[in-house]
There are 2 protein chains.
Amino acid sequence: MSTVQEFRETCHRHGLAATHQRQVIFEAVMALHGHPSPEAVFEKVQKKIPSISLATVYKNIRTFLDSGILREVSVHHGSLRVEANHRPHHHFVCTNCKTILDLPEEEFGPVQLRHKLPRGFQVQKFVVDVVGLCPKCSTQRKSFSKENQEKQPC
Amino acid sequence: MSTVQEFRETCHRHGLAATHQRQVIFEAVMALHGHPSPEAVFEKVQKKIPSISLATVYKNIRTFLDSGILREVSVHHGSLRVEANHRPHHHFVCTNCKTILDLPEEEFGPVQLRHKLPRGFQVQKFVVDVVGLCPKCSTQRKSFSKENQEKQPC
DNA sequence: CTAGATGCAAACAGTTTGCGTCACT
DNA sequence: AGTGACGCAAACTGTTTGCATCTAG
């Protein structure tokens with residue numbers, strides 16, 4: 001998915017109009033070291049399309065996320081979440097209701113890197129998120145059709 | 001760290017005044033299933049101290065985070081980050097400059113749960129964040145004294 | 001030609017800040 | 001008594017929405 005033609009096809013496959021703005025927004029994401037913020041994308045795109053609106057960038061990023069053309073880096077809900085559990089642990093995160101559950105570190109086998117990271121990197125810890133559906137959301141999925149499944153908190 | 005006395009001692013150890021508000025805010029975090037948002041904490045605390053200000057809750061949560069009394073659940077920067085890399089991979093996250101780097105999944109040994117999760121949980125994937133310092137921030141730490149180390153993007 | 005995309009401004013949510021008053025040590 | 005915490009309102013940042021206009025299919 002790198003040439004102009006490929007991107008147009010990707011859009012059509014997802015039922016999206018292949019507009020100039022979308023093309024340039026997507027190229028900007030690719031060019032920006034891999035994990036840009038919407039603001040960063042906006043600034044990059046502005047150089048090619050000075051008249052572009054920040055709202056258009058947000059709308060399209062959302063559209064790309066919803067259709068799977070782009071991914072969100074963090075699996076966590078946008079707002080700050082805080083915890084007091086000081087024992088080493090990881091988290092289970094429900095993709096539907098965003099519920100977070102602690103999983104004690106002892107529940108996991110050792111997490112290991114096969115090779116050392118390049119010189120200069122200092123590893124402090126491994127953080128694991130087990131992503132999936134919690135029991136409540138899991139049963140909802142079984143009993144309702146896909147169309148009726150609103151993503152919502154339990 | 002559960003009784004009133006323990007919390008007061010914790011505050012004093014960190015050079016913080018052990019105010020009633022702090023006590024109740026901390027208790028609320030403990031009571032709220034482990035990972036509440038500031039808003040949720042505020043609502044809970046309001047029931048005990050109707051006159052409390054949302055700003056006070058935010059200020060104290062920040063204070064608790066800075067002094068290590070509480071932890072932030074997500075290791076990622078607050079604003080949305082987006083990526084186009086569709087190959088399975090995990091991330092390296094620099095605690096200082098928040099830079100994110102892709103690490104191909106093949107670089108990791110298998111992530112495993114020693115026991116199954118309780119009935120009803122559906123696991124979709126494991127997401128690993130390797131947390132530490134990138135080379136730039138790593139060398140900064142060596143050459144400057146702790147006092148001068150402002151947390152800032154590279 | 002028409003559904004959907006764009007651009008603008010206004011609205012919103014989450015979070016921080018400035019400042020006068022109050023309370024812990 | 002003095003430093004730091006509180007409460008309030010205002011400011012700010014990141015994101016979404018309503019609506020009129022425009023454009024890809």
Side-chain angles (χ1 to χ4, degrees), chain A residues 4-5 7-26 28-29 35-43 45-46 48-67 69-70 72-74 76-82 98 151 153, chain B residues 4-5 7-26 28-29 35-43 45-46 48-67 69-70 72-74 76-82 98 151 153:
Chain A
V4 175
Q5 207 36 250
F7 179 74
R8 309 191 105 249
E9 281 163 19
T10 303
C11 282
H12 293 154
R13 211 177 317 126
H14 290 274
L16 304 173
T19 67
H20 182 49
Q21 285 85 337
R22 282 195 178 140
Q23 176 82 45
V24 176
I25 288 169
F26 185 77
V29 173
H35 313 85
S37 64
E39 200 69 35
V41 174
F42 175 62
E43 281 167 30
V45 171
Q46 260 191 323
K48 283 222 168 183
I49 315 177
S51 63
I52 194 146
S53 160
L54 178 57
T56 299
V57 172
Y58 269 103
K59 281 172 188 167
N60 280 314
I61 284 178
R62 185 113 316 258
T63 303
F64 290 159
L65 290 174
D66 291 346
S67 56
I69 296 172
L70 293 181
E72 194 163 343
V73 170
S74 176
H76 292 281
H77 178 263
S79 98
L80 178 63
R81 293 307 183 89
V82 134
K98 308 297 180 190
K151 291 202 176 185
Chain B
V4 175
Q5 206 37 251
F7 178 74
R8 310 193 104 250
E9 280 162 21
T10 303
C11 281
H12 294 154
R13 211 177 318 126
H14 290 275
L16 304 173
T19 66
H20 182 51
Q21 285 86 337
R22 281 195 179 140
Q23 177 82 44
V24 178
I25 289 168
F26 184 78
V29 173
H35 315 84
S37 65
E39 201 68 36
V41 174
F42 174 62
E43 280 167 29
V45 172
Q46 261 193 321
K48 284 222 167 182
I49 315 177
S51 63
I52 195 147
S53 161
L54 178 56
T56 299
V57 173
Y58 269 102
K59 281 173 188 167
N60 281 313
I61 284 179
R62 185 113 315 260
T63 304
F64 291 158
L65 290 175
D66 290 346
S67 57
I69 296 172
L70 292 181
E72 193 164 344
V73 170
S74 174
H76 293 280
H77 179 263
S79 100
L80 177 63
R81 293 309 182 88
V82 135
K98 307 297 179 189
K151 291 202 175 185

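Throughout, protein chains are lettered first and strands after them, A, B, ... in sequence-line order, and every chain is numbered starting at 1.
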Visitor: Can you tell me how far P of D:dG4 sits from NE2 of B:H12, to the nearest Å?
Guide: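 Rounded to the whole Å, the gap is 14 Å.
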
Visitor: Counting side-chain heavy atoms from CB outward, which of C:dT15, C:dT25, D:dT15 is closest to B:R8?
Guide: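 Selected nucleotide: C:dT25.
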
Visitor: Taking the side chain as C-beta and beyond, is there a heavy-atom pair between B:L16 and B:T63 under 4.5 Å?
Guide: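 Contact flag for B:L16/B:T63 side chains = yes.
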
Visitor: At 4.0 Å (heavy atoms only), tell me whether B:L80 reaches a base, stays on the sugar-phosphate, or touches nothing.
Guide: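 Answer is sugar-phosphate: B:L80 comes under 4.0 Å of backbone atoms only.
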
Visitor: Let me know the distance between CG of A:L65 and C1' of D:dT16, rounded to the nearest Å.
Guide: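 Nearest whole value for this atom pair: 14 Å.
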
Visitor: To the nearest Å, how far apart are A:E39 CD and D:dT15 C1'?
Guide: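 Distance, rounded to whole Å: 10 Å.
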
Visitor: Quick one: B:I61 CD1 to D:dC6 P, roughly how many Å, whole number?
Guide: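 One finds 12 Å between P of D:dC6 and CD1 of B:I61, rounded.
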
Visitor: Specify the closest pair of heavy atoms between A:P36 and A:A40, including all atoms of both residues, with the distance to one decimal.
Guide: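 That would be CB-CB, 4.2 Å.
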
Visitor: Given atom NE2 of B:H14 and atom P of C:dT25, what is their separation to the nearest angstrom?
Guide: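 Going from NE2 in B:H14 over to P in C:dT25 covers 15 Å.
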
Visitor: Measure from CZ on A:R62 to P on D:dG14 and round the result to the nearest Å.
Guide: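 Checked: the CZ to P distance equals 16 Å.
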
Visitor: Determine whether B:R62 and B:Y58 make a side-chain contact, defined as any pair of heavy atoms from C-beta on separated by less than 4.5 Å.
Guide: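 No, side chains not in contact.
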
Visitor: Using modelled atom types and a 3.5 Å cut-off, is there a donor and acceptor pairing between side-chain atoms of B:H14 and backbone atoms of B:S67?
Guide: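 Checked: pair present.
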
Visitor: For C:dT16, take OP1 and OP2 only and decide whether either is under 4.0 Å from a side-chain N or O of B:Y58.
Guide: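 No, B:Y58 has no side-chain N/O under 4.0 Å of OP1/OP2 on C:dT16.
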
Visitor: Please encode protein proximity along nucleotides 1-9 of chain C as a string of B, S and -, counting only heavy-atom distances under 4.0 Å.
Guide: ----SSBBB

Visitor: Could you check how far CD of A:Q23 sits from C1' of D:dT23, rounded to whole Å?
Guide: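 So the CD-C1' distance, A:Q23 to D:dT23, works out to 16 Å.
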
Visitor: Show your working on side chain to side chain contact (heavy atoms under 4.5 Å, CB included) between B:L80 and A:I61 and close with a plain yes or no.
Guide: CA-CA 10 Å; B:L80 177 63; A:I61 284 178; 4.1 Å; yes

Visitor: For residues A:F64 and A:I25, determine if any side-chain heavy atom of one lies less than 4.5 Å from a side-chain heavy atom of the other.
Guide: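 Yes, close enough: below the 4.5 Å cut-off.
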
Visitor: Round to the nearest Å and state the distance from B:E9 atom CD to C:dT25 atom P.
Guide: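 Those two atoms, CD and P, are 12 Å apart.
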
Visitor: So which of A:T56, A:N60, A:T10 actually passes side chain to side chain donor-acceptor pair (under 3.5 Å) with A:R22?
Guide: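 Only match with A:R22 under side chain to side chain donor-acceptor pair (under 3.5 Å): A:N60.
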
